[in-house]
Amino acid sequence: MQLEDPVSMDNMGIPEIDTVILLDREVDMVTPMCSQLTYEGLLDEMLEIHNGSVEVDASIMGAQQDGKKVKVPLNSSDKLYKEIRDLNLHVVVQVVRQKATSIQQDYAEVKSTNTQSVSELKDFVKRLHSLPEIARHVNLAQHLQSFAAKPAFHARVEIEQIILEAQTYETCYEYIEEIIQKQEPIETVLRLLVLFSLTNGGLPKKNFDYLRREILHSYGFEHMPLLYNLEKAGLVKRQESRTNWPVISRALQLIVDIKDPEKY
């Protein structure tokens, strides 16, 4: 078997990535328990991004095909998506509206006058090519808003903020108890419970045992191994000492004001 010629470093091009930083997820278990509030985060939270795309009903994208599913690509080759993916949904709606309004104004100007040069017309036509991208994200953002505008979503984000700020233990405890009794999705319950436990250094034994019992009564005893594994991993545990979360969060400025949409 013929050996390949050794690769000369001189013949190699400049790599696109020269440094990779790997962080153990265990370094920060708080973040994945919080609701995602960016455009891309909400798309993944509510529609689930798989292999760079989401699958939605055709009617959501403006097609008259009820019941049919369509795949919507989401990657950085979409210039608009690259620009808005990390923005808050409220800001995304403003950005998309501004772009659509700008094109509409340009169209009205082209239609009403005949003074544009060829280069100006060329630029206008080039901007028209972005219309499919704008329409795509208008439809997706509108669909996300129908979820994000619900009182239950606002209540969940607000209680997460209270938990992170370690403000009122009883308020958070009662909210988790309430959503268990309402039998909201168990993923929602467990994420809040883990977040509550992590930021409080665990739960007092009485509360710990009570919430575990309520979860099993509401969702079934088949979840007993799941609760055991969460306890074994230290994600939901009995409180043994005071938490240092308030000190860490203040020192590292981990908490931002969710009332300012440009910050999340």
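For clarity, every value in this text was computed on a predicted model and none was experimentally measured.
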task: List for me each residue that meets side-chain contact (heavy atoms from CB on, under 4.5 Å) alongside Tyr228, sequence neighbours excluded, and say none if there are none.
output: Lys232
message: Within the structure provided, determine whether Leu164 and Leu195 are in side-chain contact (heavy-atom separation under 4.5 Å).
response: yes
message: Checking Arg238 now: which residues fulfil salt bridge (Lys or Arg N to Asp or Glu O under 4.0 Å) with it, not counting sequence neighbours?
response: Asp209, Glu231
message: Closer than 3.5 angstrom, by distance alone: can the side chain of Ser197 be matched with the main-chain N or O of Leu203 as a donor-acceptor pair?
response: no
message: For the CD atom of Gln142 and the CD atom of Gln145, what is their distance to the nearest 0.5 Å?
response: 7.5 Å
message: How long is the straight-line distance from CG of Leu47 back to CD1 of Ile60, given to the nearest 0.5 Å?
response: 6.5 Å
message: On a heavy-atom basis, which atom in Ile159 and which in Cys172 lie closest, and how many Å separate them?
response: CD1-CA, 4.1 Å
field: Nearest atoms (heavy-atom pairs only) where Glu222 meets Pro225
entry: O-CD, 3.3 Å
- prompt: Could you state the interatomic distance from NE2 (His154) to OG (Ser35), rounded to the nearest 0.5 Å?
  reply: 11.5 Å
message: Looking at every non-hydrogen atom in both residues, tell me the closest pair between Leu89 and Tyr39 and how far apart they are.
response: CD1-CD1, 4.0 Å
- request: Name all residues meeting the side-chain contact (heavy atoms from CB on, under 4.5 Å) criterion together with Pro73; count only those two or more places apart in sequence or in a different chain, and write none if there are none.
  value: Asn75
query: Is the number of heavy atoms from other residues, nucleotides or ligands under 6.0 Å of Gln181 CD greater than 12?
result: yes
- prompt: Excluding sequence neighbours, so at least two apart, what forms side-chain hydrogen bond (donor to acceptor under 3.5 Å, both in side chains) with Glu177?
  reply: Tyr210
- prompt: Which residue pairs pass the ring pair (Phe, Tyr, Trp, His ring centres under 6.0 Å) test with at least one member in residues 168-207, sequence neighbours excluded?
  reply: Tyr169-Phe196
task: Treat each ILVMFWY residue as a node, draw an edge where side-chain heavy atoms are under 4.5 Å apart, and state whether Phe221 and Leu193 are in one component.
output: yes
With sequence neighbours excluded, residues passing side-chain contact (heavy atoms from CB on, under 4.5 Å) with Met61: Val56, Val70, Val72, Arg136, Asn139, Leu140
message: Could you walk me through whether His137 and Glu133 satisfy the side-chain hydrogen bond (donor to acceptor under 3.5 Å, both in side chains) test, starting with their C-alpha distance in whole Å, then the side-chain angles of each, then the deciding distance to 0.1 Å, before giving a yes or no?
response: CA-CA 6 Å; His137 294 294; Glu133 292 180 356; over 6 Å; no
message: Between Lys69 and Asp57 (salt bridge meaning N to carboxylate O under 4.0 Å), is one present in this structure?
response: yes
task: Decide side chain to side chain contact (heavy atoms under 4.5 Å, CB included) for Tyr219 and Leu226; before the verdict, give the C-alpha distance in whole Å, the side-chain angles of both, and the deciding distance to 0.1 Å.
output: CA-CA 12 Å; Tyr219 298 96; Leu226 173 58; over 6 Å; no
- line: Heavy-atom nearest pair, Asn200 first then Thr243, reads C-CB, 3.5 Å
All pairs passing side chain to side chain donor-acceptor pair (under 3.5 Å) where residues 40-56 contributes a residue, at least two apart: Gln36-Glu45, Glu40-Tyr81, Glu40-Arg85, Glu45-Arg191, Glu48-His50
task: May I ask you to decide if Leu254's main-chain N or O and Ser249's side chain share a donor-acceptor pair within less than 3.5 Å?
output: no
- request: Rounded to the nearest 0.5 Å, what's the gap from CG on Leu216 to OG on Ser218? Could you check?
  value: 9.0 Å
Pairs of donor and acceptor atoms involving the side chains of residues 19-34, under 3.5 Å and at least two apart or interchain, shall be tabulated with distances.
{"residue": "Asp24", "atom": "OD1", "partner": "Glu26", "partner atom": "N", "Å": "2.9"}
{"residue": "Arg25", "atom": "NE", "partner": "Asp28", "partner atom": "O", "Å": "3.0"}
{"residue": "Arg25", "atom": "NH2", "partner": "Asp28", "partner atom": "O", "Å": "2.6"}
{"residue": "Asp28", "atom": "OD1", "partner": "Val30", "partner atom": "N", "Å": "3.1"}
{"residue": "Asp28", "atom": "OD1", "partner": "Thr31", "partner atom": "N", "Å": "3.2"}
{"residue": "Asp28", "atom": "OD1", "partner": "Thr31", "partner atom": "OG1", "Å": "3.4"}
{"residue": "Asp28", "atom": "OD2", "partner": "Thr31", "partner atom": "OG1", "Å": "2.4"}

message: Once salt bridge (Lys or Arg N to Asp or Glu O under 4.0 Å) is applied, do any residues pair with Lys182, and if so which ones, sequence neighbours excluded?
response: Glu178
task: Check side-chain hydrogen bond (donor to acceptor under 3.5 Å, both in side chains) between Thr199 and all other residues, then give those that pass, not counting sequence neighbours.
output: none
- prompt: Looking only at heavy atoms, which two atoms of Val54 and Leu43 are closest? And how far apart?
  reply: CG1-O, 4.5 Å
message: Quick check: do Leu190 and Leu227 have side-chain heavy atoms less than 4.5 Å from each other?
response: yes
task: Calculate, to the nearest 0.5 Å, the distance between atoms CD1 and CG belonging to Ile179 and Leu192 respectively.
output: 5.0 Å
field: Listed partners of Val95 passing side-chain contact (heavy atoms from CB on, under 4.5 Å), at least two apart
entry: Glu83, Ile84, Leu87, Val91, Lys99
- request: Taking Glu184 for its side chain and Val189 for its backbone only, find out whether a donor-acceptor pair lies under 3.5 Å.
  value: no
- request: Check whether any side-chain heavy atom of Val92 lies under 4.5 Å from a side-chain heavy atom of Thr38, and answer yes or no.
  value: no
message: Determine whether Gln183 and Ile180 satisfy the following criterion, side chain to side chain contact (heavy atoms under 4.5 Å, CB included), listing intermediate values before the conclusion.
response: CA-CA 5 Å; Gln183 291 191 324; Ile180 292 173; over 6 Å; no
Approximate separation, where rounding is to 0.5 Å, of Ile163 CD1 and Thr171 OG1: 10.5 Å
task: Return each pair, listed once, that meets ring pair (Phe, Tyr, Trp, His ring centres under 6.0 Å) where at least one residue sits in residues 14-38; pairs must be two or more places apart or across chains.
output: none
